[in-house]
Number of protein chains: 2
Amino acid sequence: MTTSHEAATRDAPRERILETAYDLFAQHGVGSVGINEVITRSGVAKATLYRHFPAKTDLVLAFLAEREQRWTHDFIEAEALRRGDTPTEQLLAIFDVFDEWFHRTDFEGCSFINVLLEMHGHGSEHPLGQASAQYLDNIRVIVRDLADRAGLTAPQDFAHSWHILMKGSIVAAAEGDTIAARRARTMAHSLIDEHRAPAVMS
Amino acid sequence: MTTSHEAATRDAPRERILETAYDLFAQHGVGSVGINEVITRSGVAKATLYRHFPAKTDLVLAFLAEREQRWTHDFIEAEALRRGDTPTEQLLAIFDVFDEWFHRTDFEGCSFINVLLEMHGHGSEHPLGQASAQYLDNIRVIVRDLADRAGLTAPQDFAHSWHILMKGSIVAAAEGDTIAARRARTMAHSLIDEHRAPAVMS
DNA sequence: CTCCTGTGAGACAGACCTGTCTGTCTCGCG
DNA sequence: CGCGAGACAGACAGGTCTGTCTCACAGGAG
């Protein structure tokens with residue numbers, strides 16, 4: 001109903017499908033949302049959806065790619081870079097962005113983590129698990145590059161540890177700990193200090 | 001019902017069901033495993049299962065309770081207490097146990113996190129989400145008590161931060177980072193240091 | 001002996017899912 | 001004006017799942 005989206009969106013069924021799928025998958029998870037709901041909500045015919053996305057997996061893969069663009073790049077990365085003047089500040093700003101994110105009423109969690117854990121150990125075999133792992137990898141690359149630019153030691157290990165703080169705080173936020181980002185930020189600060197000393201090993 | 005009970009070792013279908021459900025739910029997730037698989041694997045009639053567990057939710061709740069006993073208490077807590085001589089050592093030993101856990105070929109992740117994230121934001125309304133959150137809470141109580149005994153400042157906040165490291169390393173391990181526990185342990189050590197100083201941010 | 005209870009085996013209903021297929025409509029273009 | 005491509009609508013097939021139900025059997029109690 002409605003088609004209140006004016007003439008512009010009239011001939012863009014693929015965009016309408018992906019837009020609807022993005023909202024539904026991000027909010028309710030890719031497993032809980034059926035194709036039929038995407039169809040009815042986007043006002044598209046089932047045959048149209050399957051013409052653009054041969055299987056549900058393809059639609060989910062498109063969603064994950066879109067998620068990386070909107071969440072990883074446009075939200076987290078861009079905001080963190082904007083809020084900090086130095087690489088170190090930009091790293092820490094990630095958790096400031098997280099803090100804002102965790103306080104949203106429609107906080108939806110990290111789709112990459114959600115999809116990966118939905119595979120329950122078979123993630124390395126399933127294309128959705130592989131894609132999610134790749135997008136999580138890409139986040140770590142962003143962190144590692146900032147660590148590089150900040151002159152930190154062992155940037156690869158730093159990025160892994162940093163990412164543990166990010167993922168842990170996201171799960172904590174899903175649990176209801178709305179100030180998890182501030183807790184993680186404090187630990188993150190200590191981690192930076194540890195990687196400023198020439199020797200990292202304990 | 002067999003007079004004065006305790007002829008329980010007879011066939012004990014309830015124990016067989018729960019034992020089978022424990023293995024399947026822990027390994028493959030509570031959503032992916034159907035009642036029929038529990039039935040065939042445990043050699044029990046469907047009516048028998050539904051007599052002991054009126055709905056699948058009841059079976060999952062029983063699984064989660066069993067999971068707390070076997071994983072939280074018998075594995076993590078007991079092993080950590082055994083491996084350390086002081087409360088501080090026992091806290092750090094949690095990540096030694098994690099390290100061993102992450103390296104198991106049948107590493108299955110944290111069922112509480114998995115179930116909670118499976119609710120996709122509606123965890124606080126769903127009984128399974130509430131139960132999972134409660135069991136995660138209980139883990140934090142164990143950590144807080146150890147922090148108390150170690151004389152750390154702000155043990156409640158400490159436990160929340162510590163738990164972020166635990167959850168973050170579990171997700172990282174699910175991603176394939178087998179040495180995530182050692183990374184978390186290093187950060188955990190710094191966290192302890194931070195909570196030894198008399199003044200700590202709240 | 002019969003009754004009674006718990007059990008195994010499995011058919012069945014009803015809901016929901018993915019994916020296919022058949023129509024009908026509209027629109028652009030020659 | 002006619003034609004074809006793409007889109008809408010929805011029936012349909014084939015599979016999954018939960019949960020109910022029937023039936024046969026086994027063993028202890030009265």
Side-chain angles (χ1 to χ4, degrees), chain A residues 1-21 24-25 27-64 115 118-120 122 126-128, chain B residues 1-21 24-25 27-64 114-115 118-120 122 126-129:
Chain A
M1 56 299 192
T2 71
T3 58
S4 60
H5 265 15
E6 307 329 55
T9 41
R10 192 93 187 89
D11 354 351
R14 192 184 194 277
E15 277 64 34
R16 251 186 305 156
I17 294 166
L18 190 50
E19 183 69 26
T20 306
L24 290 173
F25 286 161
Q27 202 66 41
H28 306 292
V30 302
S32 312
V33 175
I35 287 292
N36 289 322
E37 191 168 357
V38 178
I39 287 164
T40 55
R41 290 272 275 259
S42 60
V44 119
K46 193 177 267 197
T48 304
L49 185 145
Y50 277 99
R51 174 175 3 262
H52 292 289
F53 305 96
K56 187 185 179 181
T57 295
D58 300 298
L59 180 58
V60 176
L61 285 172
F63 156 69
L64 291 173
V115 171
E118 232 169 83
M119 304 288 117
H120 288 105
H122 307 84
H126 198 290
L128 294 183
Chain B
M1 29 168 78
T2 58
T3 67
S4 60
H5 55 69
E6 303 334 276
T9 27
R10 246 177 45 89
D11 269 337
R14 193 183 193 279
E15 276 64 35
R16 250 186 306 156
I17 294 167
L18 190 51
E19 183 68 27
T20 305
L24 290 173
F25 286 162
Q27 201 66 41
H28 306 293
V30 302
S32 312
V33 175
I35 288 291
N36 289 323
E37 191 169 356
V38 177
I39 288 164
T40 54
R41 290 272 277 257
S42 60
V44 121
K46 192 178 269 195
T48 304
L49 185 145
Y50 276 98
R51 172 170 14 256
H52 292 290
F53 304 96
K56 186 185 178 181
T57 295
D58 300 299
L59 180 57
V60 177
L61 285 171
F63 155 69
L64 290 173
N114 293 342
V115 171
E118 232 168 82
M119 303 288 117
H120 289 105
H122 305 84
H126 199 291
L128 294 183

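Here the structure is a predicted model, which is why all the values come from computation and not from measurement.
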Inset, instruction - Could you pick out which residue, B:Gly43 or A:Thr57, lies toward the 5' side of DNA chain C when each is mapped onto its nearest nucleotide? - result: B:Gly43
Legend entry - d(NZ, A:Lys56; C1', C:dG19) in whole Å: 12 Å
Inset, instruction - Rounded to the nearest angstrom, tell me the gap between atom CG in A:Leu59 and atom P in C:dC17. - result: 15 Å
Inset, instruction - Return the orientation label for the A:Phe25 and A:Phe63 ring planes: parallel under 30°, perpendicular over 60°, tilted otherwise. - result: perpendicular
Legend entry - A:Leu24 CG to C:dC17 P, straight-line distance once rounded to whole Å: 12 Å
Legend entry - Separation of B:Ser32 OG from A:Met119 CE (nearest 0.5 Å): 8.5 Å
Inset, instruction - Please work out which residues in residues 44-54 of chain A have a non-hydrogen atom less than 4.0 Å from an atom of DNA chain C and list them by number. - result: A:Lys46, A:Ala47, A:Tyr50
Inset, instruction - Calculate the interatomic distance between A:Ile35 atom CD1 and C:dG19 atom P; express it in whole Å. - result: 7 Å
Inset, instruction - Using whole Å, report how far CZ of A:Arg41 lies from C1' of D:dA9. - result: 19 Å
Inset, instruction - Figure out the CG/P separation between A:Asn36 and D:dT16, and round it to whole Å. - result: 18 Å
Inset, instruction - Kindly indicate whether the side chain of B:Glu15, heavy atoms from C-beta on, has any atom under 4.5 Å from the side chain of B:Glu19. - result: no
Legend entry - Partner set under side chain to side chain contact (heavy atoms under 4.5 Å, CB included) for B:Thr48, not counting sequence neighbours: B:Pro13, B:Val44, B:Ala45, B:Arg51, B:His52
Inset, instruction - Pick out which of A:Leu24, A:Leu18, A:Ile17 makes a side-chain contact (heavy atoms from CB on, under 4.5 Å) with A:Thr20. - result: A:Leu24
Legend entry - Residue pair B:Val30 / B:Lys56: nearest heavy atoms and the distance that separates them: O-NZ, 2.9 Å
